[in-house]
> 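Once you've had a glance at the structure underneath, I'll fire off some questions.
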Amino acid sequence: MDYDKQQQITCSGKLNLDDTIEQILNTITETAPVIISKENNVYKVTIKKK
């Protein structure tokens, strides 16, 4: 996973670890102000701009 260490957000909650990584990341993008994209088997996390 790739992310910008200069920008950080804190999230809390519970995840169903029986879900696939794609389902978990989709849940995160629906609840947190982030965009998660996948390119060449690397997930990139970007904080949405206000």
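Numbers here are sequence positions counted from 1.
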> Among residues at least two apart in sequence or on other chains, which ones pass side chain to side chain donor-acceptor pair (under 3.5 Å) with Thr20?
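Scan of Thr20 (side chain to side chain donor-acceptor pair (under 3.5 Å), adjacent residues dropped) gives Gln23.
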> Hey, does Ile9 have a side-chain heavy atom less than 4.5 Å from the side chain of Pro33?
yes
> Mind checking whether Ile36 and Ile28 have side chains closer than 4.5 Å, heavy atoms only?
yes
> When rounded to the nearest 0.5 angstrom, what is the spacing between CG in Asn16 and OG1 in Thr27?
9.0 Å
> May I ask you to test the Lys48-Ile35 pair for a side-chain heavy-atom distance under 4.5 Å?
yes
> Is the number of heavy atoms from other residues, nucleotides or ligands under 6.0 Å of Glu39 CD greater than 12?
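Not buried by this count: 12 neighbours or fewer within 6.0 Å.
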> Establish, from distance only, whether the side-chain atoms of Glu30 and Asn26 form a donor-acceptor pair under 3.5 Å.
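Per modelled atom types, Glu30 and Asn26 side chains form a pair under 3.5 Å.
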